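Notes for the one structure printed next.
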Amino acid sequence: MALYRTGTCRLTTDGGGRGLRQCLVLLYQPCHLSTSQKPQGVLPLITSKVKHLNAKYERFLERKFPKFYILYSTFMKGARMLWIDGKEVTRIRRRMKSQGIQYHQLPYGDMEKLRQFRRDLIKATPVIIISAPPFANYLVFVLMYLFPRQLLIRHFWTPKQQEEFLEIYHNKRKDVYEDVLDGLLQSLPSVTERTLQDQIRYLVTQVQQGIHPKVANIEQVRTAFSGPPFCMSNLDVYQMRSLSRIMFLTPHLPAFFLQRRLRSHIFEIHHLDHALLQCGVQELADEEVKRTMGAASGETL
């Protein structure tokens with residue numbers, strides 16, 4: 001029992017029986033100064049102090065520099081989201097290792113998480129390196145302001161920027177479709193079967209007129225893409241670069257690397273489609289549906 005508590009009790013006992021009862025009550029009260037309690041650690045105190053100072057700093061920015069505060073809060077929120085994604089990816093990889101699961105055997109959500117995190121990490125690595133030194137994150141804020149679409153991943157975009165950038169990427173992809181169709185028509189005379197030529201030409205005409213072809217009509221011409229002139233190994237550099245721009249892959253590479261990256265990317269999409277068929281679109285949350293519709297949205301690699 002602490003000394004202060006004992007002294008109080010002695011003074012109280014001088015008042016007779018009533019004082020004795022008060023003494024007993026005091027003895028059974030919890031003593032906040034008791035030596036039996038463990039002292040609070042230094043690290044929690046420092047953490048609490050840092051959180052308090054950070055909250056005070058954020059209120060100051062929001063009050064004095066509202067535009068800069070938007071950039072600051074977006075950066076901090078994006079960093080937290082990236083950290084959460086990293087922890088989730090680590091959990092998935094541990095489960096793959098412990099259970100002996102291959103990438104293509106994962107459920108759709110885990111497969112898409114690994115794929116998107118890898119693309120995000122590649123694009124975010126330069127910014128992470130720049131922001132590593134003390135106070136260098138202010139340079140990142142300048143980059144966020146000047147080149148948000150080119151240098152930052154989706155975690156560091158404001159909601160308004162996300163809508164704007166997705167529209168830009170959609171228009172960029174749409175502009176390349178015409179080049180792909182022109183390349184298809186130029187290679188069409190190399191198709192030996194006349195019927196197959198007519199079917200492909202009919203599909204191209206539909207797309208050029210803004211008509212969505214039927215799946216059954218597309219399946220009728222699939223044999224033309226399993227061999228020359230439309231199989232992957234027979235595409236020329238111009239065609240591979242056009243396809244790379246549609247999939248938001250870097251087109252400025254030698255033909256060998258273009259072909260290898262296209263093949264790898266197409267296999268990834270195939271595995272994602274297979275996993276999506278297994279789980280069903282109805283099982284996806286709204287946010288997952290948005291990511292699925294923009295699976296290649298803007299992360300040029």
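No experiment lies behind these values; they were computed from the predicted model shown. Just the heavy atoms: all of them, side chains too, but no hydrogens, waters or symmetry mates, feed the values below.
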According to a 4.5 Å side-chain heavy-atom criterion applied to Ile, Leu, Val, Met, Phe, Trp and Tyr, with indirect links allowed, do [X] and [Y] form part of one hydrophobic cluster?
| X | Y | answer |
| --- | --- | --- |
| Leu151 | Met76 | yes |
| Ile246 | Val237 | yes |
| Leu276 | Ile269 | no |
| Met240 | Leu181 | no |
| Phe156 | Val89 | yes |

Would Leu82 and Ile153 satisfy side-chain contact (heavy atoms from CB on, under 4.5 Å), going step by step from the backbone distance to the final call?
CA-CA 10 Å; Leu82 188 61; Ile153 60 176; 4.0 Å; yes
Heavy-atom pair of closest approach, residues [X] and [Y]:
| X | Y | value |
| --- | --- | --- |
| Trp157 | Pro148 | NE1-O, 3.1 Å |
| Gln259 | Ser233 | NE2-CA, 3.8 Å |
| Leu121 | Thr125 | O-OG1, 2.5 Å |
| His265 | Met247 | CD2-SD, 3.3 Å |
| Met111 | Ala275 | CE-CB, 4.0 Å |

Residue [X] excluded, over 12 heavy atoms near [atom1] under 6.0 Å:
| X | atom1 | answer |
| --- | --- | --- |
| Gln150 | CD | yes |
| Arg93 | CZ | no |
| Gln208 | CD | yes |
| Tyr202 | OH | no |
| Phe267 | CZ | no |
| Arg201 | CZ | yes |

To the nearest 0.5 angstrom, please state how far the [atom1] atom of [X] sits from the [atom2] atom of [Y].
| X | Y | atom1 | atom2 | result |
| --- | --- | --- | --- | --- |
| Ile266 | Leu243 | CD1 | CG | 7.0 Å |
| Gln206 | Lys214 | CD | NZ | 8.5 Å |
| Gln220 | Gln199 | CD | CD | 5.0 Å |
| Asp273 | Leu277 | CG | CG | 6.5 Å |
| Phe248 | Lys172 | CZ | NZ | 8.0 Å |
| Lys87 | Ile92 | NZ | CD1 | 13.5 Å |

Hey, does the side chain of Gln116 reach the backbone of Lys113 with a donor-acceptor pair shorter than 3.5 angstrom?
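Between the backbone of Lys113 and the side chain of Gln116 there is no qualifying donor-acceptor contact (under 3.5 Å).
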Tell me if a side-chain donor or acceptor on Ser264 pairs with a main-chain N or O of Arg260 at a distance below 3.5 Å.
no
Here's a test for you: under side-chain contact (heavy atoms from CB on, under 4.5 Å), which of Leu253, Leu249, Thr250 qualifies with Ser244?
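Going through the options one by one, the only one that passes is Leu249.
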Using side-chain contact (heavy atoms from CB on, under 4.5 Å), reason through Thr158 and Gln162 one step at a time and then give a plain yes or no.
CA-CA 6 Å; Thr158 63; Gln162 290 186 16; over 6 Å; no
Can you find a pair of side-chain heavy atoms, one from [X] and one from [Y], that are under 4.5 Å apart?
| X | Y | answer |
| --- | --- | --- |
| Tyr177 | Ser242 | no |
| Phe230 | Val191 | yes |
| Phe165 | Arg154 | no |
| Asp110 | Arg95 | yes |
| Ile218 | Arg222 | no |
| Leu235 | Met232 | yes |

What verdict does the salt bridge (Lys or Arg N to Asp or Glu O under 4.0 Å) test give for Arg245 and Asp175, after you've listed the backbone C-alpha separation in whole Å, the side-chain angles of each residue and the deciding distance to 0.1 Å?
CA-CA 10 Å; Arg245 286 196 294 269; Asp175 293 340; over 6 Å; no
Check the side chains of Ser187 and Gln239 for a donor-acceptor pair under 3.5 angstrom, ignoring hydrogens and angles.
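Note: Gln239 and Ser187 side chains meet the donor-acceptor criterion.
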Going by atom types only, do Asp182 and Gln186 share a side-chain donor-acceptor pair under 3.5 Å?
no
Residues forming a ring pair (Phe, Tyr, Trp, His ring centres under 6.0 Å) with His155, sequence neighbours excluded:
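Scan of His155 (ring pair (Phe, Tyr, Trp, His ring centres under 6.0 Å), adjacent residues dropped) gives none.
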For the pair [X] and [Y], find out whether any cationic side-chain nitrogen is under 4.0 Å from an anionic carboxylate oxygen.
| X | Y | value |
| --- | --- | --- |
| Asp179 | Arg241 | no |
| Glu88 | Arg91 | yes |
| Glu268 | Arg115 | yes |

Go through the structure and list residues passing side-chain contact (heavy atoms from CB on, under 4.5 Å) with Ile84, not counting sequence neighbours.
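So Ile84 forms no side-chain contact (heavy atoms from CB on, under 4.5 Å) with any residue.
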Criterion side-chain contact (heavy atoms from CB on, under 4.5 Å) on Leu114 and Met96, from CA distance to verdict
CA-CA 12 Å; Leu114 289 179; Met96 290 174 63; 3.8 Å; yes
side-chain contact (heavy atoms from CB on, under 4.5 Å) assessment of Tyr108 paired with Gln278
CA-CA 8 Å; Tyr108 175 81; Gln278 287 184 332; over 6 Å; no
